[in-house]
Structures are given as C-alpha cells and as structure tokens.
Amino acid sequence: MIIDCDQHDWVEIFCLRKQLLLLNLQDGSTRTVRAAGTRNTAEQEYLLCETDSGEQVIPLLAIASIQPLHDCGKADGAEIRLKLQETPQ
C-alpha cells in the first residue's frame, strides 16, 4: 500500500514549509509535530518530525489524517485524510 499521490504532495508541501501539524494516527493517538522531511526505504516512506523531545520518524501508513496548524496551535486549514492505494506492479 502507498499514499495517494495528491495527498503525498501535501505532505511534501508541509515539509517544505516546516508546518506545525496535528497527526491523527491509525491507532487512535494524536501527535503535534513540525514536519521536517521524508525518508524512503525499500519497504515504506516516513515523515520526519521535530518535536519538543527531539526528532521522530513516523511511517506515512501509520497516519490516518493530518491537520495543519498555525504556530500558535490553531487550525490552519482543512484536515487531510490520507487515502491508501495499491502499490503499482
């Protein structure tokens, strides 16, 4: 499984802006992070995040939705629900 291409573009934009984000994870937990970049392995792609406790690496497939935030923590746009699609053969 991979992330839908249009939504992947949003992830890249958030990283370029160093956007503050509210991540809603597939397990029901949430995290407030600052997007720093992405990293790829042969198996999957990760969101690199800056937090108060240091860098975190979160698999994109573990993210259910992303809410961009202003630096003060208020919503800065619509929530983006990540859609999965089959990996091309």
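Note that the structure is predicted; figures quoted are calculated from it, not measured. In what follows, every heavy atom counts, from backbone to side chain, and hydrogens, waters and symmetry copies are set aside.
Distance check: Gln19 CD to His70 NE2 gives 8.5 Å after rounding to the nearest 0.5 Å. Separating the CD atom in Gln56 from the CZ atom in Arg34 is a distance of 14.0 Å, to the nearest 0.5 Å. In this structure, the separation between CZ on Arg31 and CD1 on Ile66 is 13.0 Å, given to the nearest 0.5 Å. Here Leu21 contributes atom CG and Leu69 contributes atom CG; the two are 7.0 Å apart, rounded to the nearest 0.5 Å.
Heavy-atom contacts from other residues, nucleotides or ligands closer than 6.0 Å to CG of Asp52 number 12 or fewer.
When all heavy atoms of Ala64 and Gln26 are compared, the pair lying nearest together is CA-NE2, 3.7 Å. Thr32 approaches Thr51 most closely through the heavy-atom pair O-CG2, 4.4 Å.
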- Item | Worked verdict on His8 versus Leu60 for side-chain contact (heavy atoms from CB on, under 4.5 Å) | CA-CA 9 Å; His8 190 277; Leu60 287 180; 4.0 Å; yes

- Before giving the answer on side-chain contact (heavy atoms from CB on, under 4.5 Å), spell out for Ile58 and Leu25 the whole-Å C-alpha distance, their side-chain angles and the decisive distance to 0.1 Å. CA-CA 9 Å; Ile58 301 171; Leu25 303 181; 4.2 Å; yes

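A donor-acceptor pair is defined here as one N or O able to donate and one able to accept, closer than 3.5 Å; such a pair exists between the side chain of Lys18 and the backbone of Ala36.
Residues forming a side chain to side chain donor-acceptor pair (under 3.5 Å) with Asp27 (at least two apart in sequence, or on another chain): Ser29.
Chaining together hydrophobic side chains whose heavy atoms lie under 4.5 Å apart places Val57 alongside Tyr46, Leu48.
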